[in-house]
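Everything on this sheet refers to the single structure shown next.
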There are 2 protein chains.
Amino acid sequence: MLASMSDVVFHPPVEELVLTKVLAAFAEPARLAIVRAIARAGEPGVSCTQVQQDAGIEIGKSTMSHHQRVLRESGVTRTRIEGSRRMLTLRRTDLDRRFPGLLDAVLADSDAVTGARA
Amino acid sequence: MLASMSDVVFHPPVEELVLTKVLAAFAEPARLAIVRAIARAGEPGVSCTQVQQDAGIEIGKSTMSHHQRVLRESGVTRTRIEGSRRMLTLRRTDLDRRFPGLLDAVLADSDAVTGARA
DNA sequence: GTTGCGGTTCGATTGACGTCGAACATTCCG
DNA sequence: CGGAATGTTCGACGTCAATCGAACCGCAAC
(Lines give C-alpha, C1' and ligand atoms only; values in the text may rest on other atoms or scores of the structure.)
Protein backbone atom coordinates (compact mmCIF):
# COMPACT_ATOMS: atom_id res chain seq x y z
CA MET A 1 0.00 0.00 0.00
CA LEU A 2 1.71 3.11 -1.24
CA ALA A 3 0.21 5.29 1.42
CA SER A 4 2.03 8.23 -0.14
CA MET A 5 4.90 8.65 2.26
CA SER A 6 3.48 11.99 3.36
CA ASP A 7 0.80 10.18 5.33
CA VAL A 8 3.19 8.72 7.83
CA VAL A 9 1.61 11.40 9.95
CA PHE A 10 -2.12 12.00 10.03
CA HIS A 11 -3.70 14.76 7.96
CA PRO A 12 -7.47 15.25 8.08
CA PRO A 13 -9.16 15.34 4.63
CA VAL A 14 -10.55 18.67 3.48
CA GLU A 15 -14.19 17.70 3.96
CA GLU A 16 -13.60 16.90 7.59
CA LEU A 17 -12.09 20.19 8.63
CA VAL A 18 -14.06 21.71 11.50
CA LEU A 19 -14.29 25.47 11.80
CA THR A 20 -14.07 25.61 15.59
CA LYS A 21 -10.98 23.41 15.53
CA VAL A 22 -9.26 25.66 13.00
CA LEU A 23 -10.21 28.76 14.93
CA ALA A 24 -8.92 27.21 18.15
CA ALA A 25 -5.65 26.44 16.39
CA PHE A 26 -5.31 30.09 15.35
CA ALA A 27 -6.45 31.44 18.71
CA GLU A 28 -3.26 30.53 20.54
CA PRO A 29 -0.70 33.40 20.24
CA ALA A 30 2.31 31.12 19.91
CA ARG A 31 0.55 29.07 17.26
CA LEU A 32 -0.53 32.15 15.35
CA ALA A 33 3.08 33.33 15.27
CA ILE A 34 4.08 29.91 13.97
CA VAL A 35 1.44 30.05 11.26
CA ARG A 36 2.66 33.47 10.14
CA ALA A 37 6.23 32.23 9.98
CA ILE A 38 5.20 29.25 7.85
CA ALA A 39 3.18 31.59 5.65
CA ARG A 40 6.16 33.87 5.10
CA ALA A 41 8.40 30.92 4.29
CA GLY A 42 6.18 29.82 1.43
CA GLU A 43 6.29 26.78 -0.73
CA PRO A 44 9.24 24.52 -0.25
CA GLY A 45 8.37 24.61 3.43
CA VAL A 46 10.38 25.12 6.57
CA SER A 47 11.59 22.88 9.33
CA CYS A 48 10.27 23.12 12.89
CA THR A 49 13.43 24.65 14.29
CA GLN A 50 13.59 27.13 11.44
CA VAL A 51 9.99 28.13 12.11
CA GLN A 52 10.77 28.58 15.76
CA GLN A 53 13.60 30.92 14.79
CA ASP A 54 11.48 32.90 12.35
CA ALA A 55 8.52 33.16 14.70
CA GLY A 56 10.75 34.53 17.41
CA ILE A 57 9.14 32.51 20.16
CA GLU A 58 10.97 30.89 23.02
CA ILE A 59 9.48 27.56 23.92
CA GLY A 60 10.82 24.07 24.54
CA LYS A 61 10.92 21.70 21.60
CA SER A 62 8.33 19.44 23.17
CA THR A 63 5.95 22.39 23.27
CA MET A 64 6.79 23.19 19.67
CA SER A 65 6.06 19.61 18.72
CA HIS A 66 2.72 19.84 20.50
CA HIS A 67 1.71 22.99 18.61
CA GLN A 68 2.69 21.40 15.32
CA ARG A 69 0.43 18.49 16.06
CA VAL A 70 -2.50 20.76 16.86
CA LEU A 71 -1.96 22.71 13.66
CA ARG A 72 -1.64 19.56 11.59
CA GLU A 73 -4.61 17.73 13.10
CA SER A 74 -6.84 20.77 12.74
CA GLY A 75 -5.92 20.89 9.05
CA VAL A 76 -4.01 24.15 9.07
CA THR A 77 -0.60 22.78 8.15
CA ARG A 78 0.84 19.92 6.17
CA THR A 79 3.89 18.02 7.38
CA ARG A 80 6.16 16.51 4.78
CA ILE A 81 8.93 14.32 6.10
CA GLU A 82 12.25 15.03 4.47
CA GLY A 83 15.16 13.12 5.85
CA SER A 84 15.47 13.83 9.52
CA ARG A 85 13.36 16.96 9.46
CA ARG A 86 9.72 17.90 8.97
CA MET A 87 8.95 20.40 6.28
CA LEU A 88 5.93 22.50 7.17
CA THR A 89 3.57 24.22 4.77
CA LEU A 90 0.14 25.82 5.01
CA ARG A 91 -2.81 23.96 3.46
CA ARG A 92 -3.81 27.16 1.71
CA THR A 93 -6.02 25.73 -1.04
CA ASP A 94 -7.71 23.29 1.30
CA LEU A 95 -8.42 25.98 3.88
CA ASP A 96 -9.63 28.37 1.22
CA ARG A 97 -11.93 25.81 -0.29
CA ARG A 98 -13.41 24.86 3.05
CA PHE A 99 -13.46 28.29 4.73
CA PRO A 100 -13.07 30.94 2.00
CA GLY A 101 -11.29 34.06 3.15
CA LEU A 102 -10.56 32.86 6.65
CA LEU A 103 -6.83 32.31 6.32
CA ASP A 104 -6.34 35.58 4.49
CA ALA A 105 -8.29 37.44 7.15
CA VAL A 106 -6.20 35.91 9.90
CA LEU A 107 -2.88 36.52 8.17
CA ALA A 108 -3.81 40.08 7.23
CA ASP A 109 -3.84 41.40 10.80
CA SER A 110 -1.77 44.57 10.66
CA ASP A 111 -0.62 44.36 14.27
CA ALA A 112 1.38 41.25 13.69
CA VAL A 113 3.32 42.33 10.63
CA THR A 114 6.04 43.79 12.78
CA GLY A 115 5.59 41.14 15.40
CA ALA A 116 4.05 43.72 17.68
CA ARG A 117 1.83 43.49 20.72
CA ALA A 118 0.01 40.63 22.35
CA MET B 1 -20.89 62.69 32.68
CA LEU B 2 -23.24 61.38 30.06
CA ALA B 3 -21.43 58.09 29.71
CA SER B 4 -23.95 57.15 27.03
CA MET B 5 -26.12 54.70 28.91
CA SER B 6 -24.86 51.88 26.67
CA ASP B 7 -21.57 51.86 28.53
CA VAL B 8 -23.02 50.61 31.75
CA VAL B 9 -21.27 47.48 30.58
CA PHE B 10 -17.75 47.50 29.23
CA HIS B 11 -17.07 47.47 25.48
CA PRO B 12 -13.48 47.51 24.23
CA PRO B 13 -12.75 50.26 21.67
CA VAL B 14 -12.10 49.16 18.09
CA GLU B 15 -8.37 49.87 18.19
CA GLU B 16 -7.92 47.57 21.14
CA LEU B 17 -9.48 44.47 19.65
CA VAL B 18 -7.05 41.55 19.76
CA LEU B 19 -7.18 38.93 17.03
CA THR B 20 -6.46 35.95 19.28
CA LYS B 21 -9.19 37.06 21.68
CA VAL B 22 -11.73 37.31 18.89
CA LEU B 23 -10.70 33.96 17.45
CA ALA B 24 -10.96 32.36 20.90
CA ALA B 25 -14.44 33.81 21.25
CA PHE B 26 -15.45 32.20 17.95
CA ALA B 27 -13.68 28.94 18.66
CA GLU B 28 -16.14 27.77 21.27
CA PRO B 29 -19.01 25.82 19.56
CA ALA B 30 -21.72 27.16 21.84
CA ARG B 31 -20.48 30.71 21.33
CA LEU B 32 -20.28 30.29 17.58
CA ALA B 33 -23.92 29.17 17.56
CA ILE B 34 -24.80 32.22 19.61
CA VAL B 35 -22.97 34.51 17.20
CA ARG B 36 -24.82 33.00 14.25
CA ALA B 37 -28.15 33.49 15.99
CA ILE B 38 -27.35 37.15 16.69
CA ALA B 39 -26.24 37.56 13.09
CA ARG B 40 -29.51 36.14 11.78
CA ALA B 41 -31.52 38.38 14.10
CA GLY B 42 -29.98 41.52 12.65
CA GLU B 43 -30.27 45.10 13.68
CA PRO B 44 -32.75 45.84 16.42
CA GLY B 45 -30.96 43.12 18.35
CA VAL B 46 -32.17 40.16 20.37
CA SER B 47 -32.37 39.36 24.05
CA CYS B 48 -30.21 36.67 25.66
CA THR B 49 -33.07 34.25 26.16
CA GLN B 50 -34.24 34.79 22.60
CA VAL B 51 -30.73 34.07 21.32
CA GLN B 52 -30.59 30.93 23.40
CA GLN B 53 -33.84 29.81 21.76
CA ASP B 54 -32.64 30.64 18.24
CA ALA B 55 -29.25 29.06 18.72
CA GLY B 56 -30.85 25.85 19.88
CA ILE B 57 -28.37 25.26 22.64
CA GLU B 58 -29.19 23.88 26.05
CA ILE B 59 -27.13 25.54 28.75
CA GLY B 60 -27.86 27.11 32.11
CA LYS B 61 -28.45 30.86 32.18
CA SER B 62 -25.28 31.46 34.18
CA THR B 63 -23.32 29.79 31.41
CA MET B 64 -25.14 31.88 28.83
CA SER B 65 -24.27 35.00 30.78
CA HIS B 66 -20.63 33.92 30.83
CA HIS B 67 -20.54 33.46 27.06
CA GLN B 68 -22.14 36.83 26.52
CA ARG B 69 -19.42 38.43 28.59
CA VAL B 70 -16.67 36.72 26.61
CA LEU B 71 -18.24 37.83 23.35
CA ARG B 72 -18.69 41.38 24.56
CA GLU B 73 -15.25 41.76 26.11
CA SER B 74 -13.56 40.36 23.04
CA GLY B 75 -15.38 42.97 20.95
CA VAL B 76 -17.61 40.64 18.97
CA THR B 77 -20.96 41.79 20.32
CA ARG B 78 -22.49 44.95 21.66
CA THR B 79 -24.87 44.88 24.59
CA ARG B 80 -27.54 47.57 24.74
CA ILE B 81 -29.62 47.63 27.90
CA GLU B 82 -33.29 48.05 27.22
CA GLY B 83 -35.52 47.94 30.24
CA SER B 84 -34.98 44.66 32.01
CA ARG B 85 -33.32 42.93 29.09
CA ARG B 86 -30.05 43.09 27.15
CA MET B 87 -30.30 43.59 23.42
CA LEU B 88 -27.44 41.92 21.59
CA THR B 89 -25.97 42.91 18.25
CA LEU B 90 -22.80 42.12 16.30
CA ARG B 91 -20.14 44.83 16.02
CA ARG B 92 -19.99 44.24 12.29
CA THR B 93 -18.41 47.50 11.16
CA ASP B 94 -15.91 47.50 14.00
CA LEU B 95 -14.88 43.91 13.34
CA ASP B 96 -14.66 44.52 9.63
CA ARG B 97 -12.54 47.61 10.08
CA ARG B 98 -10.17 45.85 12.44
CA PHE B 99 -10.10 42.38 10.85
CA PRO B 100 -11.47 42.69 7.30
CA GLY B 101 -13.26 39.60 6.08
CA LEU B 102 -12.93 37.63 9.28
CA LEU B 103 -16.53 37.80 10.44
CA ASP B 104 -17.84 37.01 6.97
CA ALA B 105 -15.52 34.04 6.68
CA VAL B 106 -16.66 32.70 10.02
CA LEU B 107 -20.35 33.23 9.34
CA ALA B 108 -20.11 31.75 5.86
CA ASP B 109 -19.32 28.22 7.00
CA SER B 110 -21.70 26.03 5.02
CA ASP B 111 -21.91 23.32 7.66
CA ALA B 112 -23.62 25.55 10.15
CA VAL B 113 -26.32 26.99 7.91
CA THR B 114 -28.61 24.11 8.74
CA GLY B 115 -27.32 23.93 12.28
CA ALA B 116 -25.53 20.72 11.43
CA ARG B 117 -22.64 18.87 12.99
CA ALA B 118 -20.19 19.75 15.73
C1' DG C 1 -46.07 46.00 47.29
C1' DT C 2 -45.38 41.40 45.72
C1' DT C 3 -44.73 38.31 42.34
C1' DG C 4 -42.33 36.95 38.15
C1' DC C 5 -39.13 37.46 34.38
C1' DG C 6 -34.40 38.52 32.62
C1' DG C 7 -29.69 38.38 33.77
C1' DT C 8 -25.61 38.77 36.68
C1' DT C 9 -22.49 37.23 40.31
C1' DC C 10 -20.43 33.82 43.27
C1' DG C 11 -18.29 29.53 44.53
C1' DA C 12 -17.18 25.02 43.29
C1' DT C 13 -16.19 21.42 40.19
C1' DT C 14 -14.39 19.37 36.30
C1' DG C 15 -11.87 18.78 32.21
C1' DA C 16 -8.90 20.71 28.76
C1' DC C 17 -4.71 23.07 27.50
C1' DG C 18 0.12 24.99 27.48
C1' DT C 19 4.34 24.16 29.36
C1' DC C 20 8.42 21.64 30.71
C1' DG C 21 12.26 18.00 31.16
C1' DA C 22 13.79 13.55 30.26
C1' DA C 23 13.98 9.71 27.48
C1' DC C 24 13.67 7.87 22.99
C1' DA C 25 13.86 7.23 17.80
C1' DT C 26 15.90 8.63 13.14
C1' DT C 27 18.74 10.58 10.28
C1' DC C 28 22.80 12.96 8.96
C1' DC C 29 27.82 13.58 9.17
C1' DG C 30 32.60 13.01 10.14
C1' DC D 1 30.97 3.47 14.16
C1' DG D 2 29.89 7.32 17.20
C1' DG D 3 28.12 11.66 17.89
C1' DA D 4 25.30 15.61 16.76
C1' DA D 5 20.96 17.28 15.04
C1' DT D 6 15.85 16.96 14.53
C1' DG D 7 11.59 15.80 16.45
C1' DT D 8 8.31 12.81 19.03
C1' DT D 9 6.49 10.66 23.18
C1' DC D 10 5.64 10.44 27.98
C1' DG D 11 4.33 11.79 32.41
C1' DA D 12 3.69 15.77 35.45
C1' DC D 13 2.36 20.22 36.74
C1' DG D 14 -0.17 24.55 36.92
C1' DT D 15 -3.50 27.37 34.96
C1' DC D 16 -7.43 28.57 32.55
C1' DA D 17 -12.08 27.84 30.89
C1' DA D 18 -16.76 25.82 30.66
C1' DT D 19 -20.31 24.36 33.34
C1' DC D 20 -23.69 24.33 37.06
C1' DG D 21 -26.88 25.79 41.06
C1' DA D 22 -28.07 29.15 44.24
C1' DA D 23 -28.42 33.62 45.64
C1' DC D 24 -29.13 38.12 44.19
C1' DC D 25 -30.60 42.54 41.64
C1' DG D 26 -33.75 45.48 38.47
C1' DC D 27 -37.40 46.14 36.07
C1' DA D 28 -42.11 45.12 34.86
C1' DA D 29 -46.81 43.82 35.66
C1' DC D 30 -50.34 42.90 38.24
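Reminder, nothing fancy here: chain letters follow the sequence lines and each chain counts from 1.
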Rounded to the nearest Å, what distance is computed from the [atom1] atom of residue [X] to the [atom2] atom of nucleotide [N]?
| X | N | atom1 | atom2 | result |
| --- | --- | --- | --- | --- |
| A:R85 | D:dT6 | CZ | P | 6 Å |
| B:R80 | C:dG7 | CZ | P | 13 Å |
| B:Q52 | C:dC5 | CD | P | 16 Å |
| B:R86 | D:dC25 | CZ | P | 14 Å |
| B:I59 | C:dT8 | CD1 | P | 12 Å |
| A:E73 | C:dC17 | CD | P | 11 Å |
| B:I81 | D:dG26 | CD1 | C1' | 10 Å |
| A:M64 | C:dG18 | CE | C1' | 14 Å |

Is there a path of hydrophobic side-chain contacts, each under 4.5 Å between heavy atoms of I, L, V, M, F, W or Y residues, that connects [X] with [Y]?
| X | Y | value |
| --- | --- | --- |
| A:M87 | A:L95 | no |
| A:I34 | A:L107 | yes |
| B:V18 | B:V70 | no |

For [N], does OP1 or OP2 lie under 4.0 Å from any side-chain N or O of [X]?
| X | N | value |
| --- | --- | --- |
| A:R31 | C:dG18 | yes |
| A:T49 | D:dG7 | yes |
| B:T63 | D:dA18 | no |
| B:S84 | C:dG7 | no |

>> Starting the side chain at C-beta, find the nucleotide from C:dG7, C:dC20, D:dG7 nearest to B:C48.
In response: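 Of the options given, the side chain of B:C48 lies nearest C:dG7.
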> Among the nucleotides C:dA23, C:dG18, C:dC20, which one has an atom lying closest to any side-chain atom of A:H67?
Replying inline: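 The nucleotide sitting nearest to the side chain is C:dG18.
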> Touch check for B:E28, heavy atoms < 4.0 angstrom, all strands: base, sugar-phosphate only, or nothing?
Replying inline: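 It contacts sugar-phosphate atoms only.
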>> Any base atoms under 4.0 Å from A:S62, or only sugar-phosphate, or nothing? Heavy atoms, all strands.
In response: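 Base contact.
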> Hey, does the side-chain of A:S65 have a donor or acceptor N/O within less than 3.5 Å of a partner on the base of D:dG7?
Replying inline: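 By the distance-only test, no, there is no pair.
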>> Here's a test for you: under side-chain hydrogen bond (donor to acceptor under 3.5 Å, both in side chains), which of A:R85, A:R86, A:R80 qualifies with A:E82?
In response: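 That would be A:R80; it is the only one of A:R85, A:R86, A:R80 passing the side-chain hydrogen bond (donor to acceptor under 3.5 Å, both in side chains) with A:E82.
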> Taking for each residue the nucleotide of DNA chain D bearing the nearest heavy atom, is the 5' side occupied by B:H66 or by B:K61?
Replying inline: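 On the 5' side of the pair lies B:H66.
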> Looking at A:R72 and A:F10, what are the two nearest heavy atoms and their distance?
Replying inline: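 Here A:R72 and A:F10 meet closest at NH1-O, 2.9 Å.
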